[in-house]
Amino acid sequence: MPELPEVEVVRRGLERFVQGREVAAVSVLHPRAIRRQPAGAGDFAARLTGTRIESVRRRGKYLYLPLDSGEAVLAHLGMSGQLLMAPTETEPEPHLRIRVGFTDGDPELRFVDQRTFGGMAIEKTVLDPVAGQPLPVSIAHIARDPFDPLFDDAEFARRLRRRHTGIKRALLDQSLISGVGNIYADEALWRARLHYARPTETLTRPAIERLLAAVREVMAAALVQGGTSFDSLYVNVNGESGYFDRSLAVYGRQDEPCPRCGAPVRREAFMNRSSYTCPTCQPRPRRGRW
DNA sequence: CAAGGTACCTGTTAGC
DNA sequence: TGCTAACAGGTACCTT
């Protein structure tokens, strides 16, 4: 379940089910799931076993679990990862990659990942220079998300306007703003009536504020619905799908009418993926004029 | 150094 | 029916 609302749904589930618990046993069933652990599966298991999970935090689309050892579990769902809570006796899922058992018994934590783009690692932490909170070393470059109280709109606007790229590329750049992926980028741009190729350096400060407001609105609405799921791949810790796909205006709706003006939604290939836009609400920017 | 393309995987679906 | 190609929500790394 990959973008901010889906990852936040998982974070809340984990917080409820694993915070404060002590790890009793770890098994790694697929090496790719711990490929960010340089010393391998044995090191991963050794550094996790016997520790207590202090909290469940999120930076953009990354989850991290500070441990009483001073290190933290880092987890990313990639394109198809799931973190599920399941009774130990439950039959293993076909793509089960990692199991984490606890000293107090059920439920155990399972990392399931069909496409293996996701993974977990145990890392040392560094203190976030602004918040003073520990952060796994490898995600120190990930920007704050737009719901983070320390997200700085003015600083974002300054950095955005210094870029020389299209607005969607910038929205997907996790070192500039985190948590936004292909679905919510398209939905937010539609709400803000901006074309994905609009040059960042031409955006006015009010336009950037409208865009940030749109990003926040669409992701907040998705979170209330439990996130977006097109199939059973994107689920919460109990394996349940969210309902926000029913509220999407343009994403995945090629040839369907724009909810605002009725024009058929167009789909274009962009950045090796799909972009959905309304051809009349989001006209393509022209050189020298937008 | 910034920007953009490509690689990494497996499964599903559309089209022939 | 069976094969093939296209496509899927992300990030890291390489080249320019």
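Computed over heavy atoms, backbone and side chain alike; hydrogens, waters and symmetry mates excluded. Proteins come first, then strands; the chains are lettered A, B, ... in the order of their sequence lines, and each starts at number 1.
A:His141 places its NE2 atom 15 Å from the P atom of B:dC1, with the value rounded to the nearest Å. One can place CD of A:Gln114 at 14 Å from P of C:dG9, the figure rounded to the nearest angstrom. Atom C1' of nucleotide C:dT11 and atom CD1 of A:Ile142 are separated by 8 Å, given to the nearest angstrom. Separating the CD1 atom of A:Ile139 from the C1' atom of C:dA12 is a distance of 15 Å, rounded to the nearest angstrom. Summarising the geometry, the separation between CG on A:Leu74 and P on C:dA12 is reported as 10 Å, rounded to the nearest angstrom.
Applying the 6.0 Å contact sphere to CZ of A:Arg35 captures more than 12 heavy atoms from other residues, nucleotides or ligands.
Rounded to the nearest Å, the gap between the P atom of C:dT1 and that of B:dG11 is 22 Å. If you take atom C1' in B:dA3 and the same atom in C:dG9, they sit 23 Å apart, rounded to whole Å.
When only modelled atom types and interatomic distance are considered, A:Thr116 and A:Arg32 share a side-chain donor-acceptor pair under 3.5 Å. Neither side chain, A:Lys61 nor A:Ser178, offers a donor N or O lying under 3.5 Å from an acceptor on the other. Between A:Thr228 and A:Tyr184, the side chains place a donor N or O and an acceptor N or O closer than 3.5 Å (distance only, hydrogens not considered).
Closest to the side chain of A:His164, out of B:dC9, B:dA3, C:dA12, is B:dA3. In the set B:dC9, C:dG9, C:dT11, C:dG9 carries the atom at the smallest distance from any side-chain atom of A:Phe230. Considering only side-chain atoms of A:Arg169, the nucleotide from B:dG11, C:dG10, B:dG4 that sits closest is B:dG4. The side chain of A:Thr165 lies closest to B:dG4 when the candidates are B:dG4, B:dA3, C:dG9. Comparing C:dG10, C:dC7, B:dC9 by their nearest atom to the side chain of A:Pro2 picks out C:dG10. Comparing C:dA8, C:dG10, C:dG9 by their nearest atom to the side chain of A:Phe117 picks out C:dG10. When distances are taken from the side chain of A:Asn272 to each of B:dT6, C:dG9, B:dG4, the shortest belongs to B:dT6. Counting only heavy atoms from C-beta on, A:Thr228 has its side chain closest to C:dG9 among C:dC7, C:dG9, C:dT11. For A:Glu3, whose side chain is taken as the heavy atoms from C-beta onward, the closest listed nucleotide among C:dG9, C:dC7, B:dT10 is C:dG9.
DNA chain B is contacted by both A:Asp173 and A:Met271; A:Asp173 maps to the nucleotide lying nearer its 5′ end (nearest heavy atom per residue). Sequence order on DNA chain C of the closest nucleotides to A:Ser138 and A:Tyr251 puts A:Tyr251 first from the 5' end. Take the nearest nucleotide of DNA chain B for A:Arg163 and for A:Arg115: the residue whose nucleotide is more 5' is A:Arg163.
Ring pair A:Tyr251/A:Phe230 is parallel by interplanar angle, where below 30° counts as parallel and above 60° as perpendicular.
Between A:Ser80 and the phosphate of C:dG9, there is no side-chain N or O to OP1/OP2 separation shorter than 4.0 Å. Checking the phosphate oxygens (OP1, OP2) of C:dT11, a side-chain nitrogen or oxygen of A:His76 falls inside 4.0 Å. For A:Tyr276, no side-chain nitrogen or oxygen approaches OP1 or OP2 of C:dG9 to under 4.0 Å.
In this structure a side-chain-to-backbone donor-acceptor pair under 3.5 Å is present from A:Arg58 to A:Gly60. One N or O on the side chain of A:Arg11 and one on the backbone of A:Val56 form a donor-acceptor pair closer than 3.5 Å.
At a threshold of 4.0 angstrom between heavy atoms, the contacts of A:Arg36 are confined to the sugar-phosphate backbone, with no base atom among them. A:Phe270 comes within contact range of no nucleotide atom at all, as no heavy-atom separation falls under 4.0 Å. A:Arg267 comes within 4.0 angstrom of the backbone, heavy atoms only, and of no base.
Consecutive Watson-Crick or G-U pairs involving DNA chain B, each under 3.5 Å on both distances, make up stems of three or more pairs at B:2-8 with C:10-16, B:10-16 with C:2-8.
The shortest heavy-atom contact between A:Pro283 and A:His195 is O-CB, 3.3 Å.
Separating the OG atom in A:Ser27 from the CG atom in A:Leu96 is a distance of 7.0 Å, to the nearest 0.5 Å.
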